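Written out below as structure tokens is the structure these notes cover.
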Amino acid sequence: MRKQVIAGNWKMNKVHTEAEDFIQTSKNEVPSSDQVESVICAPFPFLQKLVEETKGTPLEIGAQNMHFEEKGAFTGEVSPVMLKELGVTYVVLGHSERREIFKETDEEVNKKVHAAFNHNLTPIICVGETLDQREADQTMDHVEGQVKKALEGLTDEQAAKVIIAYEPIWAIGTGRTATSEQANEVCTHIRKVVADFVNSDAAEAVRIQYGGSVKPANVDELLSQSDIDGALVGGASLEADSFLKLVEAGKHE
Ligand SMILES: O=C[C@H](O)COP(=O)(O)O
């Protein structure tokens with residue numbers, strides 16, 4: 001039985017006081033970590049404080065991106081060493097906004113996944129198709145390519161530990177959710193890709209989240225699907241009440 005992972009991705013939202021209020025309200029309200037993994041992926045400036053404030057609680061803190069190098073002349077970047085030193089445990093990699101706006105490539109995502117494992121961070125690897133790709137019936141091939149490239153060169157044990165977030169780009173921030181069947185169909189394919197590319201044990205172990213307009217009203221149905229093991233949530237993770245409802249749903253699946 002795979003444990004559900006509910007991760008909030010705050011993106012570039014909140015100021016310090018709002019981040020603090022959220023954490024104070026929710027840190028002791030999330031279910032225990034043996035029931036569901038609860039993660040907030042916050043902007044870099046909040047990470048240190050949030051890690052300190054959530055110590056000893058089931059709420060984990062993640063980053064939304066990082067560079068793959070440990071240090072050097074990379075102005076504006078943050079390294080895996082820095083994140084690890086802060087006590088961050090998860091990192092979102094290859095989010096579609098990074099791929100689209102900041103032109104991140106599959107090769108860079110792969111280097112970041114390796115860097116995450118080198119520094120004991122759990123990568124949440126985002127994959128997903130555009131509306132044009134879906135309409136051209138290219139979803140499965142596109143997602144398959146992204147998954148294989150992201151996992152390239154990992155050991156079987158590492159591949160089993162990644163979290164893959166399937167996020168159809170047309171459903172992100174649009175209020176337009178993939179139906180639970182559409183989401184599960186792609187997640188099932190991703191699991192098969194992992195089975196073929198790595199092995200069946202890794203495929204059985206890997207957690208696959210759905211992301212794209214997930215909210216308390218649709219989370220139960222999405223999480224009840226056979227190959228969906230959690231959610232990566234943007235808008236609905238910004239309010240503590242709503243985030244707590246999502247993690248509560250994760251507990252039951
Ligand atoms: O990382 C989260 C996703 O981009 C989904 O965002 P959303 O829940 O606001 O659609």
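Just so you know, ligand 1 is whichever comes first in the structure, and atom 1 is the first atom listed for that ligand. Keep in mind the model is a prediction, meaning the values are calculated, not measured. Values reported hereafter were calculated over all heavy atoms of this structure, with side chains retained and with hydrogens, waters and symmetry mates removed.
- Ligand 1 lies under 4.0 Å from heavy atoms of Asn9, Lys11, His95, Glu167, Ala171, Ile172, Gly173, Gly212, Ser213, Leu232, Val233, Gly234, Gly235.
- Taking a cutoff of 4.0 Å between a charged side-chain nitrogen and a carboxylate oxygen, Glu53 and Lys49 qualify as a salt bridge.
- The pair Lys149-Glu107 does not count as a salt bridge, with every side-chain nitrogen at least 4.0 angstrom from each carboxylate oxygen.
- Classification of the His16-Phe46 ring pair by plane angle, with boundaries at 30° and 60°, yields perpendicular.
- In this structure a side-chain-to-backbone donor-acceptor pair under 3.5 Å is missing from Asp229 to Gln4.
- For Gln182 (side chain) and Thr179 (main-chain N/O), a donor-acceptor pair under 3.5 Å exists by modelled atom type.
- Residues in residues 76-124 take part in no ring-ring contact (aromatic ring centres under 6.0 Å, His included) pair, two or more places apart or across chains.
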